[in-house]
Amino acid sequence: MKRSRGSGGDEETPRQNGSAGRRKGDQQHSDGDDGGSSFGPGDMQDEDNDPGLRREIRSKYRDLINSVQQNREDMLSPSNNKLTEVLEEANKLFKNVRQAREAALDAQLLVVATDLGKEKATQLFSEGTAFDPTVFAEHLLTFMGLNRLEDGEDEQQNGDAVDGYLPQDAWHRVARRAESCFKTAPSFHYMMGSFHAEPPPPRQRIERQRKAPSKEAKRIMPTQLKKMEDSHQEATEKEVERILGCLKGYYEDDPTSQISYYEFVIDPSSFSRTVENIFHTSFLIRDGLARMYLDGARLPCIAPVEEGEVEAGGSGSRNQCIVSMSPKIWKELIDAFDIRHTMIRPPDAQTE
């Protein structure tokens, strides 16, 4: 069902969203203004953004939707024109629709009105006679060649009908009559005859011989990697043992004095050596060969663990911590503890 529109061309307003519809509305308002006052795009923009006007339009749409739903039975009556009045009112409201929420309500009203119009159309009478499926079936059987007056024996003798009263070409008659109402596509055919594609013959696969690695590569590369891993691990173990010896030496020289952790690991002449010392010292703490504690000033100290006190496999309870070290912190610790010489001398200097 289409919505009713006015008879005049000027009254019919197409549904447009965006600036095109607004420009057309601005032109119509400016042409109809007899007072000489200008109505610019700014005024139109203010009207579109007016919250009161927007709420009023949405409220009217909701009233129309509720009216259609509540008066559905009355509107189904053929003599009731309430549905037409609702559509005309909706057309008037749509002229002021500017936002998506209002357009959604208009679409909802259109869906409700369409369903109601469809149901109302099924109840209409054509030339005073309603559609009767039984009568239509009787006319269809007559068109197909059904003759109830003839005797069944005569029909069997003539051979004009089988399977009851319908002749053999009954459905063909319906098909010939119905095909004129549809546009059928032409049948597909090959321009140059039929084409049967055959798969291409399989290509012979040529196996390429892989190049065998040279004897030198087999002998050098694995050996070199293994030596690197072993040498690195051995160097770490030797460095940990050397640092443990330094710690025990300082402790045996003066067992009563506490050894500051930062003074022990910091090398004032090398930041990288300081990081290496912290790394290697952590193995001593992990294996239980050394312990860390806080002195009276809450500063970390380190001391070796006696052989009888070493805990096998780290069975005792321990606390882990992360030591953060940056070049800035390294310099501040050197100044704070007044470190002038390193307690852990580099391996090369110690050898010399």
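In this chain, numbering begins with 1 at the start of the sequence shown. Any value given below was found using the heavy atoms of this structure, including those in side chains, with hydrogens, waters and symmetry copies removed.
- Annotation: Arg173, atom CZ; neighbour count of heavy atoms from other residues, nucleotides and ligands within 6.0 Å is above 12.
- The shortest side-chain heavy-atom distance between Pro268 and Thr342 falls under the 4.5 Å cut-off.
- The minimum heavy-atom distance between Ala290 and Leu247, with the atom names listed, is CB-CD2, 3.9 Å.
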For side chain to side chain contact (heavy atoms under 4.5 Å, CB included), just list the numbers for Arg54 and Arg98, CA-CA rounded to whole Å, side-chain angles, deciding distance to a tenth of an Å, and then say yes or no.
CA-CA 8 Å; Arg54 300 298 103 197; Arg98 297 292 183 273; 3.5 Å; yes
Under the side chain to side chain contact (heavy atoms under 4.5 Å, CB included) criterion, do Arg242 and Ile344 qualify, and how do the steps go?
CA-CA 9 Å; Arg242 189 181 68 87; Ile344 304 176; 3.8 Å; yes
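- Using a 4.5 Å heavy-atom cutoff, the side chains of Lys82 and Asp74 are not in contact.
- Panel note: side chain Thr274, backbone Asp267; a donor-acceptor pair is recorded below 3.5 Å.
- A continuous path of ILVMFWY side-chain contacts below 4.5 Å connects Val323 to Phe271, so both sit in one hydrophobic cluster.
- Counting only heavy atoms from C-beta outward, the side chains of Leu166 and Leu141 approach each other to under 4.5 Å.
- Pairing each heavy atom of Ala113 with each of Leu83, the nearest pair is CB-CD1, 4.0 Å.
- Judged by distance alone, with hydrogens and angles left aside, the side-chain atoms of Thr142 form a donor-acceptor pair with the main-chain N or O of Glu138 at under 3.5 Å.
- Once rounded to the nearest 0.5 Å, the distance linking CG of Asn71 with CG of Leu76 reads 11.0 Å.
- Using a 4.5 Å heavy-atom cutoff, the side chains of Ile278 and Met325 are in contact.
- Between Glu276 and Arg273 there is a salt bridge, since a side-chain N of the basic residue sits under 4.0 Å from a carboxylate O of the acidic one.
- There is no path of hydrophobic side-chain contacts, each under 4.5 Å, that joins Val111 to Leu93.
- The two residues Asp115 and Arg72 make their nearest non-hydrogen contact at O-NH2, 4.4 Å.
- The closest side-chain donor-acceptor pair between Asn80 and Ser77, if any, does not fall under 3.5 angstrom.
- Checked by atom type and distance alone, the side chain of Ser59 never pairs as donor or acceptor with a backbone atom of Arg55 at under 3.5 Å.
- Taking both residues in full, the closest heavy atoms of Gly145 and Pro167 are given as O-CD, 3.8 Å, listed atom of the first, atom of the second, then distance.
- Glu102 CD to Ile57 CD1: the interatomic distance, rounded to the nearest 0.5 Å, is 5.0 Å.
- Atom CZ of Arg298 sits about 5.0 Å away from atom CG of Leu294, to the nearest 0.5 Å.
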Side chain to side chain contact (heavy atoms under 4.5 Å, CB included) between Leu289 and Phe283: does it pass, once the steps are laid out?
CA-CA 8 Å; Leu289 300 175; Phe283 287 98; over 6 Å; no
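- At a threshold of 4.0 Å, the pair Lys331-Asp335 does not count as salt-bridged, since none of the basic side-chain nitrogens sits closer than that to a carboxylate oxygen.
- Residues Ile259 and Phe264 share a closest heavy-atom pair of CG2-CB, 4.1 Å.
- Pairing each heavy atom of Val68 with each of Met75, the nearest pair is CA-CE, 4.0 Å.
- A continuous path of Ile, Leu, Val, Met, Phe, Trp and Tyr side chains, each step under 4.5 Å between heavy atoms, connects Tyr61 with Leu53, placing both in one hydrophobic cluster.
- Interatomic distance, Thr236 OG1 to His280 NE2, rounded to the nearest 0.5 Å: 5.0 Å.
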Go through the steps to decide whether Thr281 and Ile243 satisfy the test side chain to side chain contact (heavy atoms under 4.5 Å, CB included), and finish with yes or no.
CA-CA 7 Å; Thr281 305; Ile243 293 176; 4.1 Å; yes
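- Under the 4.5 Å side-chain heavy-atom criterion for Ile, Leu, Val, Met, Phe, Trp and Tyr, Leu284 and Phe279 are members of the same hydrophobic cluster.
- Here the straight-line distance linking atom CG of Asp106 with atom CD1 of Ile65 works out to 8.5 Å at 0.5 Å rounding.
- Between Lys60 and Glu89 there is no salt bridge, since none of the side-chain N atoms of the basic residue sits less than 4.0 Å from a carboxylate O of the acidic one.
- Arg340 has a carboxylate O that lies under 4.0 Å from a charged side-chain N of Asp338, or vice versa, which qualifies the two as a salt bridge.
- Using a 4.5 Å heavy-atom cutoff, the side chains of Val86 and Leu109 are in contact.
- Note on ring orientation: taking the six-membered ring where Trp is involved, the planes of Tyr262 and Phe337 are tilted (angle from 30° to 60°).
- The closest side-chain heavy-atom distance from Cys301 to Tyr261 is not below 4.5 Å.
- For the pair Ile329 and Leu333, the minimum side-chain heavy-atom distance is below 4.5 Å.
- Here CD of Gln108 is found 9.0 Å from CZ of Arg62. Values are rounded to the nearest 0.5 Å.
- Cluster annotation: Leu299 and Ile339 are assigned to the same hydrophobic cluster (Ile/Leu/Val/Met/Phe/Trp/Tyr, side-chain heavy-atom contacts under 4.5 Å, transitive).
- At a threshold of 4.5 Å between non-hydrogen side-chain atoms, the residues Trp330 and Val275 do not count as touching.
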